[in-house]
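To start, the structure under review is shown below, and the notes come after it.
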Amino acid sequence: MDAVAVIDFETTGLSPAQGDRATEIAAVILENGKVVDRYQSLMNAGVRIPSFIEELTGISNAMIRQAPTAANVMREVSDFVGDIPLVAHNASFDCKFWDAEVARINLTRRQEFACSLLLARRLLPQAPSHKLGALVEFANLPLAGRAHRALADAEMAASLLTHLADELRSRYGIRQVTHELLRKIQGVPKAKVEQLLAKHQQSQ
DNA sequence: TGCCAGGCCCTCTTTAGGGCCTT
């Protein structure tokens, strides 16, 4: 698979439209099933982290006070990923925070997101849960550190994506797994996935 | 004052409701 950037945000809540802000971001560059580069930083957006989020993520208000500004971190991570296509677990969440944070520094996203949650629902329907941690356990993938920290979750999402790409090669005979193909798979109804992959296999 | 995310996906569905997933 060509390079993709798997990203993960930690935030103060679920909705930038409700005033929530990012507190940490990680991005790992995945190339041919290997993580070849990593970026990770806490960020200070000048907002208070609710106590239950501090407990969930282990990211405290004291840690954020000493972190670089959200503007600086978002500039850095935007430079880090460049034009490489993005992937996240439940990408609708990370996409809305990415767009909201870069809009504050007058940048716009240059690439599309693929979603490992939508892909896992289609390619691993037998998994008992499609939460990131549950999928990592289901597929016997290595744990990468403390869950709900950005770098650990980005690393685990990257290994999940590698596993899903392996499934596409071994189960469906897909030779070249591309970001564009992942977007196609996640965009069709679950019932149409087999049909899409059979057609794709024939067209190779 | 009272409201409070939103998109996907299933089903006892489509004139709707509720669970899942992200923090």
Side-chain angles (χ1 to χ4, degrees), chain A residues 4-28 40-64 67 70 73-74 77 86-104 109 112-139 141 143-161 163-164 182-196:
Chain A
V4 296
V6 184
I7 72 143
D8 186 73
F9 274 107
E10 303 305 318
T11 71
T12 62
L14 294 174
S15 173
Q18 299 294 317
D20 293 321
R21 296 293 305 274
T23 58
E24 186 179 46
I25 188 167
V28 302
Q40 179 270 329
S41 183
L42 293 167
M43 66 180 100
N44 185 351
V47 296
R48 181 158 188 85
I49 305 172
S51 59
F52 81 98
I53 302 273
E54 282 188 319
E55 284 177 32
L56 176 71
T57 64
I59 299 170
S60 67
N61 284 291
M63 290 161 70
I64 290 303
V73 171
M74 291 310 300
V77 73
L86 299 170
V87 178
H89 196 69
N90 199 10
S92 67
F93 173 84
D94 294 275
C95 181
K96 67 189 178 183
F97 274 97
W98 182 282
D99 288 351
E101 292 293 345
V102 299
R104 290 172 173 273
R109 180 164 47 86
E112 297 289 350
F113 271 90
C115 178
S116 57
L117 169 63
L118 295 179
L119 290 165
R121 281 179 177 160
R122 285 161 176 73
L123 300 175
L124 301 174
Q126 71 277 31
S129 157
H130 295 90
K131 290 181 187 177
L132 180 58
L135 286 164
V136 164
E137 187 178 342
F138 176 75
L141 302 171
L143 294 172
R146 187 196 201 283
H148 291 300
R149 284 302 299 266
L151 185 58
D153 281 2
E155 299 255 14
M156 288 192 285
S159 65
L160 171 62
L161 184 67
H163 177 76
L164 295 173
L182 298 178
R183 297 257 309 163
K184 275 186 194 165
I185 295 168
Q186 75 182 46
V188 297
K190 286 178 74 174
K192 301 272 189 185
V193 170
E194 296 282 337
Q195 191 183 332
L196 171 74

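Because the structure is a prediction, the values reported are computed rather than measured. Residue numbers start from 1 in every chain, and the chains themselves are labelled A, B, ... in the order their sequence lines are given, proteins ahead of strands.
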Legend entry - Side-chain N or O of A/K190 closer than 4.0 Å to phosphate OP1/OP2 of B/dC10: yes
Legend entry - P gap between B/dG17 and B/dT13, integer Å: 13 Å
Inset, instruction - Considering only atom P, compute the distance from B/dC21 to B/dC3 and round it to an integer number of Å. - result: 28 Å
Legend entry - Any side-chain heavy-atom pair of A/I53 and A/T12 under 4.5 Å: no
Inset, instruction - Could you tell me whether the side chain of A/D94 reaches within less than 4.5 Å of the side chain of A/D8, counting heavy atoms only? - result: yes
Legend entry - Sub-4.5 Å side-chain heavy-atom contact between A/D153 and A/M156: yes
Inset, instruction - Determine: side-chain N/O of A/S15 to OP1/OP2 of B/dT23, distance under 4.0 Å, yes or no. - result: no
Legend entry - Atom-pair distance (CZ on A/F97; P on B/dT23), nearest Å: 10 Å
Legend entry - Distance between C1' atoms of B/dG2 and B/dG7 (Å, rounded): 25 Å
Legend entry - Presence of A/H89 side-chain N/O under 4.0 Å of B/dC21 phosphate oxygens OP1/OP2: no
Inset, instruction - Whole angstrom is fine here: how far is it from CE in A/M156 over to C1' in B/dT22? - result: 14 Å
Inset, instruction - Mind telling me whether A/F9 and A/F97 have parallel, tilted or perpendicular rings, with 30° and 60° as the class edges? - result: tilted
Legend entry - Residue pair A/V4 / A/L182, side-chain heavy-atom distance below 4.5 Å: no
Inset, instruction - Report which part of the nucleic acid A/T57 touches: base, sugar-phosphate, or nothing (heavy-atom distance under 4.0 Å, all strands). - result: sugar-phosphate
Inset, instruction - Could you check which of B/dT23, B/dC21, B/dC9 has an atom nearest any side-chain atom of A/S129? - result: B/dC21
Inset, instruction - Report yes if at least one side-chain N or O of A/R122 is closer than 4.0 Å to OP1 or OP2 of B/dC9; otherwise report no. - result: yes
Legend entry - B/dT14 versus B/dG18 - spacing of their P atoms, nearest Å: 13 Å
Inset, instruction - Indicate, with a heavy-atom threshold strictly under 4.0 Å, whether A/L117 touches base, sugar-phosphate, or nothing. - result: sugar-phosphate
Inset, instruction - Pick the C1' atom in B/dT1 and in B/dG6, then give their distance to the nearest Å. - result: 25 Å
Legend entry - Integer angstrom distance from the C1' of B/dC4 to that of B/dC9: 24 Å
Inset, instruction - Check every atom of B/dC9, B/dG6, B/dT23 against the side chain of A/K96 and return the nucleotide holding the closest atom. - result: B/dG6
Legend entry - Spacing between A/N90 atom CG and B/dT22 atom C1', to the nearest angstrom: 4 Å
Legend entry - 5'-most by nearest nucleotide on DNA chain B - A/Q186 or A/D153: A/Q186
Inset, instruction - Choose from B/dC4, B/dT22, B/dT23 the nucleotide whose nearest atom is closest to any side-chain atom of A/Q18. - result: B/dC4
Inset, instruction - Check every atom of B/dT23, B/dT22, B/dC21 against the side chain of A/L132 and return the nucleotide holding the closest atom. - result: B/dT22
Inset, instruction - Pick base, sugar-phosphate or nothing for A/D94, based on heavy-atom distances below 4.0 Å to the nucleic acid. - result: nothing
Inset, instruction - Any chance you could measure A/R21, atom CZ, to A/N44, atom CG, to the nearest 0.5 Å? - result: 9.5 Å
Legend entry - Whole-Å C1' distance, B/dC12 and B/dA16: 12 Å
